[in-house]
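Here the structure is a predicted model, which is why all the values come from computation and not from measurement. So you know, we letter chains A, B, ... as the sequences are listed, proteins then strands, and number each from 1.
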Number of protein chains: 2
Amino acid sequence: MMNTQNTNQITIFKALADSVRLDIIEYLKHVDREVTCGEVGKALNISKTSGSYHFKLLQEAGLIITRKEAREKYVRLNSVTFDKFVTNFYKNI
Amino acid sequence: MMNTQNTNQITIFKALADSVRLDIIEYLKHVDREVTCGEVGKALNISKTSGSYHFKLLQEAGLIITRKEAREKYVRLNSVTFDKFVTNFYKNI
DNA sequence: TAAATAGTTCAAGAATATTTGAACTATTTT
DNA sequence: AAAATAGTTCAAATATTCTTGAACTATTTA
């Protein structure tokens, strides 16, 4: 399996520069456990296709860790990357 | 004079999600003093118009402090905002 | 084994963001 | 006073990002 993770500052900032992805991150941070893409999508009202797109970008930026189990894909925040680059995370200040 | 500064997480991330603006920030961080837009533009090979656009976004995100003196506009990093939200800043990791 | 479920991929369309050049204001230099 | 310089604004062109639906793979359930 090839490594698709890209730990460039700009990749991370681009990944964070979208409200859908910030919603996802906020959700993952809040629940603080592994959840399926479907659960996140339902909770945040994101379509499957759009979710797939956004989870991919977050994963490529190294901001989430994903694991496929059978039909489902589990995601959780990658707190190593997240805490390294993101401080004072509040969606609204 | 109206306040155009917008301290939202997403505004900051969007401001950081562009290579021209990261170049500008890196430059300002490196020189560590007030410089004119013109100096930055020349050093980084950014056109006046494009520079004007990018400096505006950085200012609106609160990432730089600007001061107009006669013909020239001086800019410097706003380290309060920058240090609050950006840690481990290296353009390439 | 057929139907349902979870997620991906693709191409097209829509929305946003960036660049460009021309015209402009304001200031400084000649 | 004319020319040069520093920067801004605008609208048009271009580039990039995001959303959508259809078709797809793989797995699970009825």
- Close side-chain approach of B/Tyr74 and B/Thr66, heavy atoms under 4.5 Å: no
- Task: For B/Tyr53 and C/dT16, give me the distance from atom OH to atom P, rounded to whole Å.
- Result: 13 Å
- Task: Report which part of the nucleic acid A/Lys48 touches: base, sugar-phosphate, or nothing (heavy-atom distance under 4.0 Å, all strands).
- Result: base
- Query: Under 4.0 angstrom, heavy atoms only, what part of the nucleic acid is A/Ile46 near: base, sugar-phosphate, or nothing?
  - Reply: nothing
- Query: Going 5' to 3' along DNA chain D, which nucleotides are the first and last within contact of chain A (any atom under 4.0 Å from a heavy atom)?
  - Reply: D/dT17 to D/dT28
- B/Lys56 NZ to C/dA17 P, in whole Å, measures 13 Å
- Distance below 4.0 Å between B/His54 side-chain N/O and C/dA17 OP1 or OP2: no
- Take B/Lys14 and B/Arg71, find for each the nucleotide of DNA chain C with the closest heavy atom, and name the residue whose nucleotide sits nearer the 5' end. B/Lys14
- Message: Just so I know, are the side chains of B/His54 and B/Ile24 near enough to count as touching, which here means a heavy-atom distance under 4.5 Å?
- Response: yes
- Min side-chain heavy-atom separation A/Glu60-A/Gln5 under 4.5 Å: no
- Query: Please give, in whole Å, the distance from C/dA4 P to A/Glu72 CD?
  - Reply: 18 Å
- Message: Taking the nucleotide of DNA chain D with the nearest heavy atom to each, does B/Tyr74 or A/Leu57 sit closer to the 5' end?
- Response: B/Tyr74
- Query: With distance as the sole test, does A/Gln9 use its side chain to make a donor-acceptor pair with the main-chain N or O of B/Asn88 at under 3.5 Å?
  - Reply: yes
- Just wondering, do A/Asn8 and A/Phe13 contact through their side chains at under 4.5 Å, heavy atoms? no
- Taking the side chain as every heavy atom from C-beta outward, state whether A/Phe82 and A/Phe89 have any pair of such atoms under 4.5 Å apart. yes
- Determine the contact category for A/Phe55: base if any of its heavy atoms lies under 4.0 Å from a base atom, sugar-phosphate if only primed atoms, P, OP1 or OP2 are that close, otherwise nothing. nothing
